[in-house]
Amino acid sequence: MRTVKLYNSLTRQKEIFTPIDPDNVRLYACGPTVYSYAHIGNARMAVVFDTLAGLLRTIYPKVTYASNITDVDDKIMTAAKETGQPIDAITKKYADIYNADMAALGCAAPDIQPRATTHIPQMIALTQKLIEKNHAYASDGHVLFHVPSFPAYGGLSGRSRDEQIAGARVEVASYKKDPADFVLWKPSKDDEPGWDSPWGRGRPGWHIECSAMAEQHLGLPFDIHGGGADLKFPHHENEIAQSCCAHGHETDLAAFAKTWVHNGFVTVEGEKMSKSIGNVMLAHDLLESYPGEALRLTLLSAHYRQPLDWTQSALEQSKKTLDRLYGVLRDLKDIEASPNEEIPTDFMDALCDDLNTPKALAALLALSKTAAKDKTPQHKKQLLCAANLLGILQQNSDEWLGYTRDTSDPDAAKIESLLQERNEARRSKNFARADEIRAQLTAMNVTIEDTPTGAIWHKSN
RNA sequence: GGCGCGGUGGCAGAGUGGUUAUGCAGCGGAUUGCAAAUCCGUGUACACCGGUUCGACUCCGGUCCGUGCCUCCA
């Protein structure tokens, strides 16, 4: 059987991935807080873990992929205040948009998409457990995790508690026993969302939800926990602290999740993406002008752990690459893909080596070259299988390339008649007129190709 | 200040102790009335300085530069 190697942030090395239960590989990735449109950084996380889940599915009989939606958070409350909309309206709206946008990027829906607000009792129970075990304390309506009670704290991000305090830029709240302590539960004002709890009406801190939801839906320990690199500290560090301490695994950081996978950051045209610079690229907006597959390919064109600079030219290049691949598929239209064919070894080797998508893509391009030349059912099938694993080439090639005829298009008749006229002109060697017509069609976004069997055209976009 | 990551040909981007990454662009050619599309050919690039080695872009040390995180953040 094939094995996958993954870089484990917890051990800081590439490891051979061995499932805890080979009959059910369990994967959790931290999803978005739904207060706005998903940006290209959110999309990278979704695409990376979708691809990882897909790879694992080709190897193991069952994969359970959970990715949460955070629907209670101070940022959401702020958005509600600013827009005057109710909180649930906002979270529902943006959760739906998130799912639609990620689907457009070729991401399969996670098997489980838990929401924080439907897991409040589990979070309260977990918090109580931590208090019972003296890892947390109630203070001034808050419940805080007491970091000094967990000497192993900091193991994921590799920083000692003292270092954090030295580097802290934030004022220490008075209700904290220790500057590093973090909130498990906090009180809500009357106009804020809240739930009854043993500590009064309040709402959960950010980190506890993932601990509670991962435990409930996947069981502990589970195989892989993922998310953006920036979540390593404090979010993932705190998840580990909560979950390990609640279950008496104070010395074993892997008692929550065995393998930690973090994707790198996305910059935009060389700059950090931020609201103040105004360069936040929203998946939703990009999908207006580019197909989801082009966005997806761009996100997979760098290794997932490397930083990715999002540029217009990278996006154009992805589009071009897809055009060429679809062109190959179009040439193979009449070839029936052979029913069962293995995914090519070098392609799989690349993906299995810590999800090396750029290398896999190179293998796929080599494969497309072979397929275009040999035109065999086997090669076609291999190409389709490999592309499927990357989540590309899922569409009809004619449609992608603009060869399909939309009869409702008001230009269609005009294009046809111009093409006719050009054919006439060419036959009578009136090339000046023929070129004039081509220029006219080019202006209409129509590209002509003269083939041995006659001229064909497609819409260029 | 602390912890981390990275500097590869015009651009994007893998990888390796000694052998072509790949793609885009460019250049040359085939094809075409001219194009388009396609095909063929074409680039000894690995920040700098030392060290280890028969041999380093790849390992070690240092320098410079860029960048991320340090309790809002995918």
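Predicted model, so just to flag it, every value in this text is computed and none were measured. Labels below follow one simple rule: chain letters A, B, ... track the order of the sequence lines, proteins then strands, and each chain is numbered from 1.
OP1 or OP2 of B:U71 has not a single side-chain nitrogen or oxygen of A:Asn238 nearer than 4.0 Å. Phosphate contact (OP1/OP2 of B:G23, side-chain N/O of A:Lys369, threshold under 4.0 Å): present. In this structure, A:Lys272 reaches the B:C69 phosphate: one of its side-chain N or O atoms is under 4.0 Å from OP1 or OP2.
Ion pairing between A:Arg422 and A:Asp450 holds under the 4.0 Å rule for side-chain N and carboxylate O. Remark: A:Asp354 engages A:Arg305 in a salt bridge, criterion side-chain N to carboxylate O under 4.0 Å. Ion pair A:Asp346/A:Lys359 not flagged as a salt bridge, since none of the NZ, NE, NH1 or NH2 atoms sits closer than 4.0 Å to an Asp/Glu carboxylate oxygen. A salt bridge does not link A:Asp323 to A:Arg330: none of the charged side-chain nitrogens sits closer than 4.0 Å to a carboxylate oxygen.
Classification of the A:Tyr137-A:His146 ring pair by plane angle, with boundaries at 30° and 60°, yields perpendicular.
A distance of about 16 Å separates the C1' atoms of B:A47 and B:A56, rounded to the whole Å. The P atoms of B:U32 and B:G43 are separated by 28 Å, rounded to the nearest whole Å. The gap from the C1' atom of B:C49 to that of B:U44 amounts to 23 Å, rounded to the nearest Å.
In this structure, the side chain to side chain contact (heavy atoms under 4.5 Å, CB included) partners of A:Phe265, at least two apart in sequence or on a different chain, are A:Asp230.
Between the CD atom of A:Gln306 and the P atom of B:U8 there is a distance of 11 Å, given to the nearest Å. Straight-line distance from the CZ atom of A:Phe233 to the P atom of B:G2: 17 Å, rounded to whole Å.
Within 4.0 Å (heavy atoms only), A:Gly41 reaches at least one base atom of the nucleic acid.
The residue from A:Phe49, A:Tyr65, A:Tyr28 that alone fulfils the ring-ring contact (aromatic ring centres under 6.0 Å, His included) condition with A:His225 is A:Tyr28.
Between A:His142 and A:Trp185, a ring centre-to-centre spacing not shorter than 6.0 Å is recorded. In this structure, A:His236 has its ring center closer than 6.0 angstrom to the ring center of A:His262.
Between A:Asp353 and A:Glu271, the residue anchored closer to the 5' end of RNA chain B is A:Asp353, taking for each the nucleotide with the nearest heavy atom. If A:Asp181 and A:Met45 are placed on RNA chain B by their nearest nucleotide, the residue sitting closer to the 5' end is A:Asp181.
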Dot-bracket for RNA chain B: what is it, with Watson-Crick or G-U pairs under 3.5 Å, [ ] where a pair crosses earlier ones, and | for a pair to another strand?
(((((((..(((.....[...))).(((((.......)))))....(((((..]....))))))))))))....

Contact string for nucleotides 33-38 of chain B, one letter per nucleotide 5' to 3', B = base within protein heavy-atom range under 4.0 Å, S = sugar-phosphate only, - = neither, reads BBBB-S

